[in-house]
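Below is one structure, written out as structure tokens; the observations come after it.
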Amino acid sequence: MNPASDSEKEECRRLLDGLSLYLDGEAEAALCAEIEAHMAECENCRIVVDTLRKTVLLYREESPAPLPSDVRRRLYAALKLEDYLVTGKGE
Amino acid sequence: MVDTPTIDETVLLPRLKAGDQAAYAQAVEAYSAQLYHVALRMLGSEAEAEDVLQETFLDAFKNIDRFEGRSQLSTWLHRIAANNALMRLRKKRPTFLSVDGLTGEHDDGNGSQVPKQLYDWCCLPESELLTEEARAEMRAAVEDLSDALRVVFVLRDIEGLSTQETADVLDISASAVKSRLMRARLALRERLTAYFQGAGPEETR
């Protein structure tokens with residue numbers, strides 16, 4: 001992924017496997033240090049890490065849809081729980 | 001992540017097993033929105049997500065006596081919903097990955113993971129990142145993941161389950177969850193990068 005030497009490309013590929021753990025704060029200190037040192041040298045990997053982080057954030061920020069009220073009503077009906085629908089929340 | 005109402009499963013479970021209808025309603029109220037959301041993101045269809053939601057609670061209440069409480073009730077419900085959704089996907093795409101294939105480690109069907117798109121779109125304004133069209137692209141990108149990757153991504157990054165919870169729901173190892181999550185994220189990053197590069201004000205690379 002890098003217009004660089006084969007050994008540097010190898011480094012990019014090797015660190016790739018640890019990026020998800022790194023983003024989740026689950027990578028060990030040594031791996032974090034290695035990834036950060038590599039990013040400082042490798043612009044392409046910095047972009048991959050930043051856009052990967054942003055990708056996850058965009059999905060996490062998407063506000064969850066509440067259960068549509070007609071779906072909720074039909075669910076209660078299917079479960080024969082209509083008597084409890086009026087006392088429920090979200091209507 | 002869906003805001004699940006606080007619920008004490010240790011109190012609720014004996015009531016469910018005793019057939020207490022009010023307890024059933026409480027469980028439905030607590031978990032229905034989250035389970036619907038999982039099914040919707042898995043299947044991309046509101047009608048099918050609704051069917052899965054109903055099937056999930058019908059199956060769960062019918063089999064509640066068999067639930068031994070070794071996992072959380074919410075984990076068990078997620079497992080039923082995820083399996084129902086995966087079975088529907090399998091019927092739609094019979095040649096694709098089977099539910100059994102989920103236990104495999106190398107069959108994600110999403111090909112090479114080496115990043116190719118190197119456009120840096122992080123600094124695009126929110127007005128461009130959060131358009132309806134961008135949201136639609138994000139959803140389509142999830143729907144195009146292989147089943148094995150999609151279910152992990154939906155549970156972990158959209159619903160906010162932990163690695164271990166996701167592993168318990170899918171009956172796979174935590175390391176398989178981590179590996180699939182990584183591959184899903186890279187595939188989505190690739191797709192969104194291509195999209196935002198086209199949508200951005202100008203090409204910078």
Side-chain angles (χ1 to χ4, degrees), chain A residues 1-3 9-10 12-24 26-27 42-91, chain B residues 1-3 5 21-22 24-26 28-29 32-37 40 46 49-50 53-55 57-58 61 113-124 129-130 134-135 138-139 141-142 153 156-160 163 178-179 181-186 188-193 196 205:
Chain A
M1 61 195 247
N2 211 357
K9 282 187 207 169
E10 191 56 40
C12 299
R13 291 194 67 145
R14 193 174 59 76
L15 292 176
L16 191 61
D17 289 336
L19 288 189
S20 209
L21 292 177
Y22 172 72
L23 289 185
D24 289 338
E26 292 175 10
C42 179
E43 173 71 359
N44 285 348
C45 281
R46 187 206 48 85
I47 291 172
V48 169
V49 171
D50 285 351
T51 50
L52 193 62
R53 181 186 288 115
K54 190 74 179 176
T55 296
V56 174
L57 271 179
L58 281 183
Y59 281 101
R60 289 192 170 171
E61 281 169 0
E62 195 172 22
S63 53
L67 191 63
S69 60
D70 54 340
V71 173
R72 181 168 175 269
R73 184 175 46 73
R74 287 192 292 268
L75 174 63
Y76 274 77
L79 299 170
K80 300 189 170 47
L81 293 171
E82 296 97 323
D83 290 351
Y84 296 91
L85 190 57
V86 284
T87 58
K89 291 175 284 184
E91 285 290 280
Chain B
M1 283 140 277
V2 177
D3 183 21
Q21 296 288 295
Y24 284 3
Q26 210 178 328
V28 170
E29 205 54 48
S32 54
Q34 196 170 11
L35 296 174
Y36 176 74
H37 204 230
L40 184 59
E46 291 176 2
E50 180 172 354
L53 178 67
Q54 292 187 5
E55 286 165 13
F57 280 109
L58 286 167
F61 293 157
Q113 296 293 314
V114 177
K116 296 182 184 66
Q117 300 287 341
L118 293 168
Y119 169 68
D120 189 353
W121 49 273
C122 288
C123 299
L124 287 178
L129 294 176
L130 302 174
R135 292 290 182 198
M138 284 170 60
R139 284 192 288 271
V142 172
F153 183 77
R156 274 289 282 119
D157 274 347
I158 298 185
E159 297 303 324
T163 298
K178 288 177 187 175
S179 145
L181 182 65
M182 178 62 192
R183 284 180 283 166
R185 286 171 168 178
L186 282 173
L188 295 170
R189 187 209 74 88
E190 203 72 17
R191 171 103 173 230
L192 292 191
T193 302
F196 286 122
R205 297 188 67 89

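Being a predicted model, the structure only gives us computed values, none of them experimental. Order of the sequence lines sets the chain letters (A, B, ...), proteins ahead of strands, with each chain counted from 1.
- The side-chain heavy atoms of I158(B) and H37(B), taken from C-beta on, include a pair separated by under 4.5 Å.
- Under the side-chain contact (heavy atoms from CB on, under 4.5 Å) criterion, A22(B) pairs with Y84(A), R15(B), D20(B), sequence neighbours left out.
- For the pair N44(A) and C12(A), the minimum side-chain heavy-atom distance is 4.5 Å or more.
- Heavy-atom pairs under 4.5 Å with chain A were tallied for L186(B), T193(B), L129(B); the largest tally goes to L186(B).
- For a residue to count as touching a neighbouring chain, one of its non-hydrogen atoms must lie under 4.5 Å from one of that chain's; by this rule L188(B) touches chain A with backbone and side chain alike.
- Side chain of R189(B) to backbone of Q117(B): a donor-acceptor contact under 3.5 angstrom is found.
- Contact count versus chain A (heavy atoms, under 4.5 Å) is highest, among E190(B), R185(B), Q54(B), for R185(B).
- With a 4.5 Å cut-off on non-hydrogen atoms, L57(A) does not touch chain B at all.
- Among L35(B), L53(B), V142(B), the residue making the largest number of heavy-atom pairs under 4.5 Å with chain A is L53(B).
- Contact count versus chain B (heavy atoms, under 4.5 Å) is highest, among L19(A), D50(A), L79(A), L23(A), for L79(A).
- For R74(A), the parts sitting under 4.5 Å from any heavy atom of chain B are the backbone and the side chain alike.
- Using modelled atom types, one finds no donor on one side chain facing an acceptor on the other under 3.5 Å when comparing S69(A) with R73(A).
- Most heavy-atom pairs under 4.5 Å with chain B, from the set T51(A), V56(A), L81(A): that is T51(A).
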Under the side chain to side chain contact (heavy atoms under 4.5 Å, CB included) criterion, do D83(A) and Q21(B) qualify, and how do the steps go? CA-CA 9 Å; D83(A) 290 351; Q21(B) 296 288 295; over 6 Å; no
